[in-house]
Amino acid sequence: MSGLIPIVLLGALILIFGGRLLVQWSRRSRTQVVTIEDYYQARAALDSVFVETAAIKRIFANEDMEFISQGRIGDVRRFFLKERKRLAIQWLRMTQRQVARLIDLHLKMASYTYEPSPSLEFQLTVKYLCFVLISNVLLAFLWLRGPFEAVKLVTYTLRSAEYFGSVFSLRLEKIDPVKLGPASSPRMV
Amino acid sequence: MHLPLVSMLRFAIVRDLPSMNTNLIWLIAVALEAAILFRGLRTGLQKRYLFFYCYIGSLLLIEVLRILCYRQTPNLYGAFYWETEVVRIVASYGVIFEIFKRALRHNPGVARTAERLLLVVFVVALTYAASDLLHGGFGSVPRATADLGRYLLYVEGALLFIMLWLFGRYRISFGRNLLGLTLGYSFLVALDVVNLAFLSTPGNGSSIALRKLIPITHLITFIIWCASLWSPQPDPLPPAESAIDRDYGLLAAKTRATFAHLSTRVGRTLRP
């Protein structure tokens, strides 16, 4: 009976991916070809990821917490923790959206590349799935414990964001501009 | 995982000729196959999807030969069913090739990646199937033929799964004809794979229910193909040549500007 499971799973996955193809086709009017504007927007998004990752480390800096704790005023400390928690959650959600957008653009642009690398694509898929998992764990952790307890997870998230930025940069270098859509076309993002 | 031959032969008989209802479904399916072939020849779609129409033609021929065999020599029907089933599955590989070739003709980069991936999956699946087949031994020719047919179907299912995953992942655009062909084919292969797997558990409630559903799923597939391939529909086009030239000039200019900006920033950073 256990031998049946992979075969039944294979059949079910064929049906699911077939259904996804149909959904993708039904939404084709909303998803246009990648335009040259998207190409430059993607570059800007990539730059913003690097800028944010450098600046955001301050939100989780223990030095600030130590400084506030020296004052021994409970209200100030509570207010500080509340503000930092709000900022951290906002930043994490924004990073998740940014990485999802980069991945989306990466996949759309992949078909325009001269020579996509299967190993790179596989690594990217695995790392993206890990990123989604870890960043959601971090989100839950931030809600429960606050920003200063989640430094390791934050470091992982920052490294992942930087990794996706680097991969995307490589993708842009390999893009075949001749195959991009016209600038006047509606954007797909 | 080896299927008992009796179950397989029962599957063959249940699938094709058990009752009036099944006979009616079978007749409708044959009529639909003929209609798809006729429309393909009439509209010229057979030139665009040559392998697919060869597959439909072979299906039609096999169905007619099977019914003749059943009427003339019912004792040989079981063995004949599995021999023709292997031919059908081999012919259906042409449909996989057709879908792959048509879907990725504007995406040479993805096509190269997919070729490699499909080759790896094909070799791995075929090796696994061959080792399992050899390990099981050859009790009889009909049994060996049935096993070969089953493994070829599993390999086909694995290839189709990889292709569908790639199409979805890289947002490959489809025309209506190709989409209908792909969806109908996926539906057919998925349910055949699951059904054949369930045959290894005789007496299982799901297995019996699935076996009864199989003629209907074939009918649904033919309806999908008939509807989507009734008339030729335009395929998605690559970007127009004039726009490409204009954009390439723009891109080159902006890239030069970006390089100049980067050089300035690097120079400032390195300055003591």
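We name chains A, B, ... by the order of the sequence lines, and we start the count at 1 in each one.
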What part of A:Leu21 is in contact with chain B, defined as an atom under 4.5 angstrom from a non-hydrogen atom: side chain, backbone, both or neither? both
Measure the CH2-CZ distance between A:Trp25 and B:Arg176 for me, rounded to the nearest 0.5 Å. 6.0 Å
Looking only at non-hydrogen atoms, find the nearest pair between A:Gly11 and B:Ala190 and report the distance. O-CB, 3.4 Å
Under 4.5 Å from any heavy atom of chain A - which part of B:Thr182: side chain
Just how far is it from atom CZ of A:Arg20 to atom CZ of B:Phe167, taken to the nearest 0.5 Å? 11.5 Å
If you count heavy-atom pairs under 4.5 Å between each of B:Gly168, B:Ala158, B:Ser186 and chain A, which one has the most? B:Gly168
To the nearest 0.5 Å, what is the distance between OH on B:Tyr154 and CD1 on A:Ile7? 4.5 Å
Only one of A:Ile14, A:Leu13, A:Ile16, A:Leu15 passes side-chain contact (heavy atoms from CB on, under 4.5 Å) with B:Leu164; say which it is. A:Ile14
Based on non-hydrogen pairs under 4.5 Å, which of A:Leu9, A:Val23, A:Leu22 is most in contact with chain B? A:Leu22
